[in-house]
Amino acid sequence: MKIAVCRFHVSAARPEDFPHDGFPEIAFMGRSNVGKSSLINRLLGTRGLARTSKAPGRTRAINFFSVNDRLYFVDLPGYGYARVPIPVRRQWQGLVEAYLEEPGRPDLAIHMVDARHDPTDLDRQLLEWLRSQGVPHRVILTKADKLSGNERTRAQLRVARWLDLPRGESPITVSSVTGDGLPALWSVIDGACAARRSSNRPTPTQSGGGISVTHRAVTEALGPRNPALTR
Ligand SMILES: Nc1nc2c(ncn2[C@@H]2O[C@H](COP(=O)(O)OP(=O)(O)O)[C@@H](O)[C@H]2O)c(=O)[nH]1
Ligand SMILES: [Mg+2]
């Protein structure tokens, strides 16, 4: 995808703030500090669009970035940041769940795990939840520039086993520093957008019905998934 224009659209602190114009949405999710904002900036070729931080836990709302005026990149609040007070954590969780439970959104969840670390129980819970909701998703490993080629391969195998990923869904390793893995990630994103165009899915402006058709179309575009998990 060629990026012509991208801009910050809205910072949603409540579900009422989510956009309802029916564009495809690509959601970036994972622990605080995993590299969500850096990856959004790198994919879009902008430096400061999504705010990056050395201090984890800064993103408190769901930020929507408009890409080419026809799709949204969605920067979800990071989870698993222990120093955030529990009531604040609950509020984030409520907002993220409200987002993920809306019919038809997102078109693709990019579930990000730091390539240097094992996924946590929270990562596993998130994946289980995405599976149970039938949300199309792909696991990627970030900060790959910190690992050698061999270490990357080992990380891919380890994470695939740990998260019980279906064959053909090996995690993509990416680096926002070197740009490694971004073409592979773009083709998954393009696939999700194409699946949306070729399906008669409900957009977030509509409600109910037809969602399984959508997910089947996205599944076909993204490659095989565990049949037991495909709705
Ligand atoms: N070496 C390396 N550092 C990264 C990469 N992506 C992000 N970082 C660093 O990790 C920290 C957290 O990044 P950020 O994008 O703010 O993470 P977020 O909390 O998930 O949005 C920052 O210090 C980034 O510079 C990467 O691909 N390689
Ligand atoms: Mg961030």
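Numbers here simply count residues along the sequence, with the first being 1. When a ligand or atom number is given, it counts from 1 through the structure's own listing order.
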Under a 4.0 angstrom heavy-atom cut-off, which atoms of ligand 1 come close to [X]?
X	answer
Gly35	7 (C), 13 (O), 14 (P), 15 (O), 17 (O), 18 (P), 20 (O)
Val177	1 (N), 2 (C), 26 (C), 27 (O), 28 (N)
Lys36	15 (O), 17 (O), 18 (P), 20 (O), 21 (O)
Ser175	27 (O)

message = Quick one, Leu43 and Val67 - any side-chain contact, counting heavy atoms below 4.5 Å?
response =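 When only atoms from C-beta onward are counted, Val67 and Leu43 do not touch, as no gap falls below 4.5 Å.
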
task = Mind checking the OG-CD1 spacing from Ser176 to Ile40? Nearest 0.5 Å is all I need.
result =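 Nearest 0.5 Å value for the OG-CD1 distance: 9.5 Å.
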
key: Reported CG-to-CH2 distance for the pair Leu127 and Trp162, which is rounded to 0.5 angstrom   =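 The CH2 atom of Trp162 is 13.5 Å from CG of Leu127, to the nearest 0.5 Å.
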
ask   = What is the ring orientation for His9 with Tyr72, classed by angle as parallel under 30°, tilted 30 to 60°, or perpendicular over 60°?
value =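 Aromatic pair His9/Tyr72 classed tilted.
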
task = Over 60° means perpendicular and under 30° means parallel, so classify the ring planes of Phe18 and Tyr99, tilted if in between.
result =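 Perpendicular, since the angle between the ring planes exceeds 60°.
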
message = Determine whether Asp75 and Ser37 satisfy the following criterion, side chain to side chain donor-acceptor pair (under 3.5 Å), listing intermediate values before the conclusion.
response = CA-CA 7 Å; Asp75 191 359; Ser37 303; 3.1 Å; yes

task = Quick one: look at Met112 and ligand 1, take heavy-atom pairs under 4.0 Å, and tell me if it's side chain, backbone, both or neither.
result =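 None of Met112 does.
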
Got an N/O contact under 3.5 Å between [X] and ligand 1?
X	answer
Ser38	yes
Ala144	no
Val34	yes
Ser37	yes

task = Report yes or no: does a heavy atom of Asp145 sit under 4.0 Å from some atom of ligand 1?
result =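 It does; at least one heavy atom falls under 4.0 Å.
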
inquiry  = Using the rule given for side chain to side chain donor-acceptor pair (under 3.5 Å), can you reason through Asp123 versus Thr120, listing the C-alpha separation, both sets of side-chain angles and the distance that settles it, and then say yes or no?
reply    = CA-CA 5 Å; Asp123 285 309; Thr120 63; 3.3 Å; yes

task = Considering only NZ, NE, NH1 and NH2 on the basic side and carboxylate oxygens on the acidic side, decide whether Arg7 and Asp69 come within less than 4.0 Å.
result =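 Counted as a salt bridge, because a side-chain N and a carboxylate O are separated by less than 4.0 Å.
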
inquiry  = Restricting to N/O/S atoms, is Ser37 within less than 2.8 Å of the Mg ion (ligand 2) or not?
reply    =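 For Ser37, the answer is yes, given that an N, O or S atom comes within less than 2.8 Å of the Mg ion (ligand 2).
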
